[in-house]
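Quick note on labels: first sequence line is chain A, next is B, and so on, each numbered from 1.
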Number of protein chains: 2
Amino acid sequence: MTHTKKRYQAIIGKLKAGHHKITPQRMAIAEILADSKGHPSVENVYEQLQSDYPNMSLATVYRNVMLMKSLGEVLELGFPDGSNRYDGNKPYPHPHIICVRCRKIMEPDLSTLEDMTKEVIRKTDFTVLTHQLTVFGVCRDCKKEKPAGNHKDKP
Amino acid sequence: MTHTKKRYQAIIGKLKAGHHKITPQRMAIAEILADSKGHPSVENVYEQLQSDYPNMSLATVYRNVMLMKSLGEVLELGFPDGSNRYDGNKPYPHPHIICVRCRKIMEPDLSTLEDMTKEVIRKTDFTVLTHQLTVFGVCRDCKKEKPAGNHKDKP
DNA sequence: TTTGCTGCAAATAGTTTGCAGAGAC
DNA sequence: GTCTCTGCAAACTATTTGCAGCAAA
């Protein structure tokens, strides 16, 4: 079974466990979020559903994304630019590296994150619950196309 | 001169350098942002100005916070919960550790951040421009008041 | 059958914009 | 005097909610 398929099963399982009804709308939304390629926004999930479910209401998408988020099966990525995107494929905190030119998102495993958490705990005496790390930059492909620093306004 | 005072001068200086007019409204907004204790939202800045500038428009606050942000003199803190807050006191990226109980915000210097940036560069080949790191947890004071794990729903 | 879910439309919150007069330079 | 800035109100975007009918369990 693929990871995406497992994620779909996990979401549906949590819904059942919480005595939530398994409606066709929920299955469709879960299917998209279980994949989450491209980190869709609510609007984006809604658009993807338009062809198969022309009557699907945007409110229904909002309600169910929130429900799955509250069940811990979908991660909300509140990016600094204000856009809310969702990830049901890796529903635990993880770093996002975003290219400001092509908007590509990478999600590397960072071994230094653990050291950083330890340093936070040592310096603040907090009990750490969750975190969000987003790094902005220019990806390799975009650097090739137009090297950084060549774009200037008239002097 | 205090750091806050220096920050105020820096903001006003950037405005002048950009040939923006120095209006009483701008001075008042700059003064609040230069301090930025409590990381105010736009609404919050507006409220702080109500007593001294009862005619100040919320739109004016929005316009000027955005202007100062575009000049690099104010940092926008797009927290994952969706609230936009601003910092004109430390207008460069820095970590925020937020207590989910009392909403207190700490801003420790993290030496591990540099290692993390290096790891990001090594693993993604990005040119890193900026970043945002927010950690959520429970602060020391709140842990004392009510130890974590004691709050449960009925089984 | 029962209870929760959906679609619709209206409400709400946060932010942006057009415009005419006011004010900084 | 010129040109930007401000206040006001309306517009806009993203999200939430009330309600009546519908459908999963």
Please round to the nearest 0.5 Å and tell me the distance separating atom CG of A/Leu75 and atom OH of A/Tyr86.
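Reported to 0.5 Å precision, the distance equals 10.0 Å.
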
The side chain of [X] lies closest to which of these nucleotides: [options]?
| X | options | answer |
| --- | --- | --- |
| B/Lys21 | D/dG7, D/dA25, C/dG23 | C/dG23 |
| A/Arg63 | D/dC19, D/dT15, D/dT6 | D/dC19 |
| B/Leu58 | C/dT6, C/dT15, D/dG7 | C/dT15 |
| B/Gln25 | D/dT6, C/dT15, C/dT6 | D/dT6 |
| A/Ala59 | D/dA25, C/dT6, C/dA9 | C/dA9 |

Report the hydrophobic cluster partners of A/Met1, with the cluster defined as I, L, V, M, F, W, Y residues connected by side-chain heavy atoms closer than 4.5 angstrom, directly or transitively.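 None, because no other hydrophobic side chain comes under 4.5 Å of this residue.
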
Closest to the 5' end of DNA chain C, once B/His20 and B/Gly82 are matched to their nearest nucleotides, is B/Gly82

_Given DNA chain C, 5'-ward residue of the pair B/Val42 and B/Pro24, judged by closest heavy atom_ =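 In this pair, the answer is B/Val42.
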
Whole-Å gap separating [atom2] ([N]) and [atom1] ([X]):
| X | N | atom1 | atom2 | value |
| --- | --- | --- | --- | --- |
| B/Tyr53 | D/dC5 | OH | P | 17 Å |
| A/Leu67 | C/dC5 | CG | P | 8 Å |
| B/Tyr62 | D/dA11 | OH | C1' | 15 Å |
| B/Tyr46 | D/dT6 | OH | C1' | 13 Å |
| A/Asn44 | D/dT13 | CG | C1' | 16 Å |
| A/Phe79 | D/dA14 | CZ | P | 16 Å |
| B/Leu15 | D/dT4 | CG | C1' | 13 Å |
| A/Met56 | D/dC22 | CE | C1' | 15 Å |

Look at [X] and [N] and indicate whether a side-chain polar atom (N or O) is within less than 4.0 Å of OP1 or OP2.
| X | N | answer |
| --- | --- | --- |
| A/Thr23 | C/dT6 | yes |
| B/Asn64 | D/dC5 | no |
| B/Ser57 | D/dT6 | no |
| A/Asn84 | D/dT15 | yes |

Ion pair present between B/Asp125 and A/Lys143, side-chain N to carboxylate O less than 4.0 angstrom?
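Answer for the salt bridge query: yes.
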
Base, sugar-phosphate, or nothing: which does [X] touch, judged by heavy atoms less than 4.0 Å apart?
| X | answer |
| --- | --- |
| B/Pro54 | nothing |
| B/Arg26 | sugar-phosphate |
| B/His19 | nothing |

Donor-acceptor list for residues 16-27 of chain A side chains, cut-off 3.5 Å, not counting sequence neighbours:
from	atom 1	to	atom 2	distance (Å)
A/Thr23	OG1	A/Arg26	N	3.1
A/Arg26	NE	A/Asn64	OD1	2.7
A/Arg26	NH1	A/Lys21	O	2.9

### Task
Mind listing the closest non-hydrogen atom pair of A/Leu33 and A/Pro40 along with its distance?
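Residues A/Leu33 and A/Pro40, closest heavy atoms: CD2-CG, 4.4 Å.
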
Between A/His39 and A/Phe79, is the ring centre distance below 6.0 Å?
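A/His39 vs A/Phe79: aromatic centres not under 6.0 Å.
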
